[in-house]
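Just so we're clear, the structure is a prediction, and the values are computed from it rather than from any experiment. By convention in this document, chain letters (A, B, ...) are assigned in the order of the sequence lines, proteins followed by strands, and residues within each chain are numbered from 1. Computation of the quantities below employed the complete heavy-atom set of this structure, encompassing side-chain atoms and omitting hydrogens, waters and symmetry-equivalent molecules.
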Amino acid sequence: DSGVTQTPKHLITATGQRVTLRCSPRSGDLSVYWYQQSLDQGLQFLIHYYNGEERAKGNILERFSAQQFPDLHSELNLSSLELGDSALYFCASSVGGSGSTDTQYFGPGTRLTVL
Amino acid sequence: AQSVTQPDIHITVSEGASLELRCNYSYGATPYLFWYVQSPGQGLQLLLKYFSGDTLVQGIKGFEAEFKRSQSSFNLRKPSVHWSDAAEYFCAVGAGGGGFKTIFGAGTRLFVKA
């Protein structure tokens, strides 16, 4: 158990809909990262927040957005969902603000299925 | 641009046999290198990391990795594989000097046969 929690575990929805994925980092961690894992794209970095501020953006679509709240939990919002958005979405957290050198602790993931 | 290549999509080894998973990276400066393991239905767990110093790095679960700058490689090894090591293994590289992203390889799935 990494100490990072993600809800929900599974999510099934229809095309065109909007969903929100939630992540609670480990106690004391200030950074939250979001990743998308799919069979064809592998593990793709989406976005990184540090202490409430966006730190880095990766391959995140304009239909996706995220935020980190004052209590440091984070939400990833996915809208106008398409079939290709079906994937595992991971959240990770770390103590510091460097997405390149900090050890990241991964949550169990949310499996999103778009029908 | 940074990139990570794991040439083997999957590998099968017998229980008790030795293991080496290959990883090649592309990065101009000294890289920060990681190996993560993902068991079925689980998130990723850090096995080991290399930032500087001794090029042979020891990790958890009996794994080690060796950084070879001349070959741009960071191969993961284990002398004797256990059935519980069956999982997917990801090599990753982070940019040094203030970079904010970690780039993951495509992963190598390890199968262990009895």
Side-chain angles (χ1 to χ4, degrees), chain A residues 1-7 9-10 21 23-26 29-51 53-60 87-111, chain B residues 1-10 23 25-53 57-60 65 67 74 87-109:
Chain A
D1 183 356
S2 67
V4 178
T5 60
Q6 290 187 249
T7 56
K9 203 175 174 88
H10 301 277
L21 312 183
C23 169
S24 292
R26 293 186 324 153
D29 284 359
L30 298 179
S31 275
V32 169
Y33 311 81
W34 285 99
Y35 292 88
Q36 179 194 59
Q37 186 179 38
S38 61
L39 280 175
D40 53 344
Q41 297 285 330
L43 194 63
Q44 298 277 318
F45 166 71
L46 295 179
I47 198 163
H48 168 203
Y49 277 86
Y50 175 71
N51 205 20
E53 293 191 4
E54 182 185 303
R55 201 74 187 256
K57 253 183 178 175
N59 302 323
I60 187 165
L88 255 178
Y89 290 84
F90 286 107
C91 165
S93 72
S94 70
V95 172
S98 171
S100 56
T101 58
D102 290 349
T103 296
Q104 296 179 30
Y105 296 87
F106 281 75
T110 293
R111 181 169 291 284
Chain B
Q2 306 150 300
S3 66
V4 180
T5 302
Q6 293 181 247
D8 304 305
I9 296 173
H10 54 81
C23 172
Y25 66 89
S26 173
Y27 183 62
T30 300
Y32 295 85
L33 297 161
F34 307 82
W35 273 101
Y36 285 86
V37 62
Q38 184 181 26
S39 298
Q42 304 290 319
L44 279 71
Q45 180 185 22
L46 181 70
L47 285 175
L48 48 79
K49 60 187 179 185
Y50 170 78
F51 287 174
S52 64
V57 182
Q58 301 298 320
I60 62 171
F67 170 61
F74 189 56
E88 187 140 24
Y89 292 79
F90 292 90
C91 182
V93 62
F100 296 119
K101 287 197 288 188
T102 298
I103 308 297
F104 286 81
T108 296
R109 181 163 292 279

Would you check if B:Val4 and B:Phe34 make a side-chain contact, meaning some heavy-atom pair closer than 4.5 Å?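 No, every pair of side-chain atoms sits at 4.5 Å or beyond.
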So, do A:Ser94 and A:Tyr33 sit near enough that their side-chain heavy atoms are less than 4.5 Å apart?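 Answer yes - side chains close enough.
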Under 4.5 Å from a heavy atom of chain A, the part of B:Gln38 involved: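 For B:Gln38, the side chain is the part near chain A, not the backbone.
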Interchain contact, B:Leu44 with chain A, by part (heavy-atom threshold 4.5 Å):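 Both parts, backbone and side chain.
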Tell me which of these, A:Gln6, A:Gln44, A:Gln37, has more heavy-atom pairs under 4.5 Å with chain B than the rest.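 Ranked by contacts with chain B, first place is A:Gln37.
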B:Tyr89 backbone acceptor or donor facing B:Gln6 side chain under 3.5 Å: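 Yes; at least one donor-acceptor contact below 3.5 Å.
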Checking the side chain of A:Ser93 only, and the main-chain atoms of A:Arg26 only, is there a donor and an acceptor separated by less than 3.5 Å?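 Yes; at least one donor-acceptor contact below 3.5 Å.
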Checking heavy atoms, do the side chain of A:Lys9, its backbone, both or neither come under 4.5 Å from chain B?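 Neither the backbone nor the side chain of A:Lys9 comes within 4.5 Å of chain B.
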Please classify the contact of A:Tyr35 with chain B as side chain, backbone, both or neither, using a heavy-atom distance under 4.5 Å.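 Contact with chain B is through the side chain of A:Tyr35 alone.
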Look at the rings of B:Phe104 and B:Tyr36 and say which category their plane angle falls in: under 30° parallel, 30 to 60° tilted, over 60° perpendicular.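 Taking B:Tyr36 first and then B:Phe104, their aromatic rings sit tilted (interplane angle of 30° to 60°).
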